[in-house]
Amino acid sequence: MKNLKLIQTKSELKALIKELKNVSTGLVPTMGALHNGHKSLIENSVKENDFTVVSVFVNPTQFGPSEDYDKYPRTLEKDLEIAKEAGADVVFAPNPKEMYEEIYFEEKETTLVCPPYKYVNRLCGKSRPGHFDGVCTVVSKLFNLVKPNRAYFGKKDAQQLFIIKRMVKELDFDIEIKECDIVREENGLAISSRNSYLSENDKKQAPLIYLSLKKVKELFQNGVNEAETLIDTAITYLKDFEVEYVEIVSKNDFCPPVSKNVQKGDIMLIAVRTKESRTRLIDNIEL
């Protein structure tokens, strides 16, 4: 097992990256509270690169005023254990003032990377204004600090993945974005750091999210391709949740199918809140 190095300042990270010569580097950006989903991302990076950096940073610029920034789980000691088990070389875990400089906290403003409005004003972005500006900003900062050859993101956050891929292309980052499959619990629930918020009753209901996606895919594979019918089918399984959205989009432009008919490769996305703990859960499936 490799020796894992913990770095908490940008200057130390820059110095280490500068020393790497003829080494392929993978980056796994995370907000910590690492789980088996993150572990699979790290393991993929370790397989494909000589050197792997895992960032652990709860990013304040992607949280809205009423969101769970203060209570978001912070488990650095456990995160270090998981990163080491997965074979990472470095965990970069700065504090917010290190990452954004003192001026951000004095003026409550910082330079942001803002993706096109038409991609962020819907789905997860509709209920979380400014969220994707914060995501793109922190990911850009990490790209500039680590200078990775490859960066690893899970497919669970499908809208985020789409936006980051566009950002990399449009801002000319010389980085390969690696899409990694969703890791699920035995009952089908997509693994997420926020699953720790679930009440016992919520845990019993949560598997219905993935079940609804699987039933929709079965219908589609059996010839049903009307978007409205498929969406209505998913919603029938989600009566025990507060449904934020159920939508089908093309993975090419992340917009609903123009013809109202679903094509192979389109994605169904779901976001709900549980009734008891009010935990927000997202999931998706490629049809």
Side-chain angles (χ1 to χ4, degrees), residues 1-8 13 16-17 20 23-59 62 68 71-94 99 124 135 138-139 142-143 145-162 164-165 175-198 203 206-207 209-210 213 279-286:
M1 189 177 292
K2 296 178 182 177
N3 290 325
L4 179 71
K5 186 177 182 63
L6 172 63
I7 292 178
Q8 295 182 291
L13 179 64
L16 182 145
I17 296 299
L20 298 178
V23 169
S24 61
T25 303
L27 169 66
V28 182
T30 84
M31 291 208 300
L34 300 189
H35 49 61
N36 284 339
H38 297 117
K39 190 175 182 181
S40 72
L41 299 179
I42 299 168
E43 289 171 341
N44 284 333
S45 177
V46 170
K47 287 177 187 174
E48 297 177 356
N49 301 281
D50 301 314
F51 195 85
T52 292
V53 177
V54 178
S55 65
V56 171
F57 179 63
V58 184
N59 175 38
Q62 69 189 68
D68 59 349
K71 70 172 186 175
Y72 194 88
R74 290 160 171 84
T75 57
L76 182 57
E77 190 171 326
K78 182 183 175 185
D79 295 344
L80 292 171
E81 292 175 6
I82 292 174
K84 185 173 182 178
E85 287 174 7
D89 296 278
V90 166
V91 166
F92 175 52
M99 198 63 173
C124 287
V135 169
V138 76
V139 170
L142 290 167
F143 286 171
L145 290 165
V146 178
K147 305 186 187 308
N149 301 91
R150 302 174 186 88
Y152 294 76
F153 295 87
K155 291 182 180 179
K156 181 173 73 73
D157 296 294
Q159 186 178 14
Q160 171 182 284
L161 178 59
F162 173 80
I164 287 172
K165 287 170 66 179
I175 296 169
E176 181 182 2
I177 300 300
K178 303 290 288 190
E179 304 179 29
C180 300
D181 289 336
I182 297 171
V183 177
R184 300 183 179 278
E185 297 181 8
E186 288 185 9
N187 61 14
L189 177 63
I191 293 179
S192 167
S193 301
R194 288 189 170 93
N195 290 358
S196 63
Y197 301 161
L198 296 173
K203 289 176 183 177
I209 302 168
Y210 185 49
L213 291 169
T279 302
R280 188 175 186 274
L281 301 173
I282 62 172
D283 205 345
N284 67 82
I285 200 167
E286 186 173 315

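For the numbers below, each heavy atom of this structure counts, side chains included, while hydrogens, waters and symmetry mates do not.
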> Is D283 salt-bridged to R184, cutoff N-O under 4.0 Å?
Replying inline: yes
> Under 4.0 Å between a Lys/Arg side-chain N and an Asp/Glu carboxylate O for E286 and K155?
Replying inline: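 Looking at K155 together with E286, the answer is no, because their closest N to O distance does not fall below 4.0 Å.
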Please identify each residue that fulfils side chain to side chain contact (heavy atoms under 4.5 Å, CB included) with [X], with sequence neighbours left out.
| X | value |
| --- | --- |
| K203 | L198, E200 |
| E81 | none |
| N284 | A158, I182, I267, L269 |

For residues [X] and [Y], determine if any side-chain heavy atom of one lies less than 4.5 Å from a side-chain heavy atom of the other.
| X | Y | answer |
| --- | --- | --- |
| L6 | L80 | yes |
| T52 | V54 | yes |
| F92 | M99 | yes |
| Q62 | M31 | yes |
| L142 | F57 | no |
| V91 | L4 | yes |
| T25 | N49 | no |
| Y152 | P29 | no |

> Does the pair L20 and K147 meet the rule for a side-chain contact (heavy atoms from CB on, under 4.5 Å), with working shown?
Replying inline: CA-CA 11 Å; L20 298 178; K147 305 186 187 308; over 6 Å; no
Counterpart residues, side-chain hydrogen bond (donor to acceptor under 3.5 Å, both in side chains), relative to [X] (two or more places apart):
| X | value |
| --- | --- |
| D68 | R194, Y197 |
| E43 | none |
| K78 | none |

Quick check for you: to the nearest 0.5 Å, what is the distance between [X] atom [atom1] and [Y] atom [atom2]?
| X | Y | atom1 | atom2 | value |
| --- | --- | --- | --- | --- |
| E179 | I164 | CD | CD1 | 11.0 Å |
| N149 | K178 | CG | NZ | 11.5 Å |
| I282 | S192 | CD1 | OG | 7.5 Å |
| K156 | D181 | NZ | CG | 14.0 Å |
| D157 | C124 | CG | SG | 7.5 Å |
| K39 | D79 | NZ | CG | 13.0 Å |

>> Applying side-chain contact (heavy atoms from CB on, under 4.5 Å) to V90 and L16, what does each step give before you reach the verdict?
In response: CA-CA 10 Å; V90 166; L16 182 145; 4.1 Å; yes
>> Testing the basics here: between P73 and S193, what is the closest heavy-atom pair and its distance to 0.1 Å?
In response: CG-O, 4.2 Å
>> Using only atom types and a distance under 3.5 Å, with no angle test, would you say the side chain of R150 pairs donor to acceptor with the backbone of E48?
In response: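 It does hold such a pair.
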